[in-house]
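All values below come from the heavy atoms of this structure, side chains included, with hydrogens, waters and symmetry mates left out. What you see is a predicted model, and the numbers here were worked out from it, not measured in a lab. Numbers for residues simply follow the sequence, beginning at 1. Order of appearance sets the numbers: ligands from 1, and atoms from 1 within every ligand.
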Amino acid sequence: MIEKRQFYINGSWVDPKVAHDHPVINPSNEEPCATISLGSDADTDAAVAAAKAAFPAWAATSVAERKSYVEGILKQFEKRRDEMAKAISLEMGAPIELAFGSQAGSLEWHLRNFLVAIDEIQWLKPMGSKGDTMIAQEPIGVVGLITPWNWPMNQVTLKVVPAMLAGCTCVLKPSEEAPLSSMLFAEFVHDAGVPAGVFNLVNGDGAGVGTRLSGHPDVEMISFTGSTRAGRAISRTAAETLKRVTLELGGKGANLVFADADDGAVERGVRHMMQNSGQSCNAPSRMLVERPYYDRAVEIATSVANTIKVAPADQKGDHIGPVVNKRQWDQIQNYIQKGIEEGARLVAGGLGLPEGMNRGYYVRPTVFADVKPGMTIEREEIFGPVLAMMPFDTEEEAVKVANDTPYGLTNYVQSGNQERRHRLALQLKAGMVEMNGKARAAGAPFGGVKASGRAREGGVWGIEEFLEAKAISGWN
Ligand code: NAD
């Protein structure tokens, strides 16, 4: 059993002020795999005080110096990537190959992109060609970073690295479900020699450390990724101190598949949906298919879902792992039940554990066909390997259904018709539109609209979230 009760505050690992043990459960076997502590207000205050004390000196460092510390973090990661993959896999159930690949790899990817993007920031620039007004970009101050469990290193890197590069100091509260990877990240920061107080980590839950950070008068900004529910709660708590709040929240992505889509489009959509056991905010969870291609698409989706294996996270090979915990498992089962009751046609997977499994939070890769707009599984984020398929007759109808959701994170278009793709890309209400399976370029902003939150992470946009613009006149 791993014992990691300490927090990383002011450059050292310190005991919690009040003992409050919390088990981390391995979702592959439902057994506790680690003990951490949940922090108290006093622990949070100590971390914020350390970050506040470190801020003036850190903000005054040169960009080159901050970059060299971040490069040091990358070097530590390169030495210990295996450990990082194992921590992620153990705490949240990502299959080990996914954990080593995209999950841990996201740290390197984002970090390298930020090292490029930081050179594009104009710290002091004249406004327009005439006049003597200058615009200075300055770090906002102490920032609180609150992250979820589903892509733990992805989200931690998307917050800690730009905050540090911008010249901010920070307090990270990772998810209490998946704290091990973040504690390893803290070791990377320490071993990279980052000055004391620049980065601090306090474990805890939303009601405790999360709320204290969100309402703390010395925290200038909260950057949050997680559920829409928690995003609202944080915004309310933060309102009193008028801090900046940036939110990356849930999604209910629509994937519009036209009859002229490439042959691999449906399979790609199903696999994307099931990856990480469906626990991705940008999952293409609603597949809308043009009527002439609909029956064939349902056939393909059924057979692809039936070939997706489910297995423990530490097992090598191509499969999905469990979902993160019992609460998520129960919630997903409820959604599958609702889908059946409301009359959607179950064509793959369904209720209960996959055949031959009796322990672990495993969900059968599930596909519903003939889902209708307004059904619960069409409206709500399931956060599990459950795909909803529905036919459409016209492009206008597809856009209407795609946009008729409280969310707006990523929508997808599969079509060989470029004019149509261009039209749709502008009509879909979302922070991101991915077409024909093409990934966004390095440093492209990640974020949503409406109930998906309104932050932008990654690249230049992701760094500017942590900066304030100051307008200075009379410069000349
Ligand atoms: P969650 O909202 O329950 O928890 C996320 C984090 O917020 C955790 O660290 C938790 O302790 C903390 N928290 C919870 N309540 C809080 C409160 N009242 N005040 C302060 N902190 C609080 O979410 P989760 O279950 O860990 O993650 C799943 C959700 O995250 C999904 O809805 C998913 O779509 C969303 N998500 C969004 C993105 C994105 O970039 N848009 C990325 C990943 C996950």
Side-chain angles (χ1 to χ4, degrees), residues 22 24 27 36 38-39 41 44 91-94 103 106 110 144-159 171-179 181-182 201-216 219 222-239 243 245-253 275-285 323-329 331-332 335 380-384 405-410 430-432 440 445-458 461-462 465:
H22 177 80
V24 179
I36 60 157
L38 298 185
D41 286 355
T44 313
E91 65 190 3
M92 57 69 66
Q103 283 274 9
S106 62
H110 292 307
L145 313 173
I146 303 178
T147 55
W149 44 263
N150 59 335
W151 286 88
M153 266 311 103
N154 182 61
Q155 278 114 10
V156 165
T157 314
L158 279 170
K159 297 187 191 306
V171 178
L172 168 67
K173 190 210 82 62
S175 166
E176 62 276 34
E177 306 281 335
S181 51
S182 287
L201 178 150
V202 183
N203 280 318
D205 57 15
V209 178
T211 303
R212 184 71 170 188
L213 265 183
S214 309
H216 205 293
V219 172
I222 293 285
S223 172
F224 170 75
T225 300
S227 61
T228 301
R229 173 203 61 79
R232 289 201 176 97
I234 287 168
S235 301
R236 279 194 296 270
T237 311
K243 52 175 60 71
V245 178
T246 62
L247 305 171
E248 292 281 10
L249 309 175
K252 191 72 190 173
Q275 192 208 30
N276 210 36
S277 302
Q279 304 168 114
S280 300
C281 47
N282 61 349
S285 51
V323 296
V324 71
N325 58 25
K326 173 89 167 75
R327 186 171 46 86
Q328 283 292 126
W329 192 87
Q331 191 170 304
I332 296 163
Y335 278 120
E380 297 183 15
E381 185 184 46
I382 299 175
F383 230 53
T405 160
Y407 294 108
L409 192 59
T410 318
M432 296 166 286
R440 287 181 309 283
F446 185 103
V449 298
K450 304 195 286 181
S452 294
R454 298 188 186 271
R456 292 294 177 269
E457 294 195 314
W461 285 267
E465 296 268 66

With sequence neighbours excluded, residues passing side-chain contact (heavy atoms from CB on, under 4.5 Å) with W329:
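Testing W329 for side-chain contact (heavy atoms from CB on, under 4.5 Å), a comparison that skips the adjacent residues, returns V323, Q333, L353, Y361, V363.
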Please name all residues satisfying side-chain contact (heavy atoms from CB on, under 4.5 Å) with T225, sequence neighbours left out, ordered by chain then number.
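Here the qualifying residues are P148, Q155, K159, E248, E457.
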Minimum heavy-atom distance A430-L409, with the two atoms named
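Taking A430 first and L409 second, the nearest heavy atoms are CB-O, 3.5 Å.
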Pair S181-E91, side-chain donor/acceptor within less than 3.5 Å:
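E91 and S181 do have a side-chain donor-acceptor pair below 3.5 Å.
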For W149, which residues count as a side-chain hydrogen bond (donor to acceptor under 3.5 Å, both in side chains) partner, sequence neighbours excluded?
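Scan of W149 (side-chain hydrogen bond (donor to acceptor under 3.5 Å, both in side chains), adjacent residues dropped) gives none.
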Amino acids in close contact with ligand 1, where any non-hydrogen atom sits under 4.0 angstrom away
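If the criterion is a heavy atom under 4.0 Å, then ligand 1 touches I146, T147, P148, W149, N150, Q155, K173, P174, S175, E176, D205, G206, G210, T211, F224, T225, G226, S227, R229, A230, A233, I234, E248, L249, G250, C281, E381, F383, L409, F446.
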How many angstroms lie between atom CG of N325 and atom CD of E177, to the nearest 0.5 angstrom?
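Separation between the atoms: 4.5 Å.
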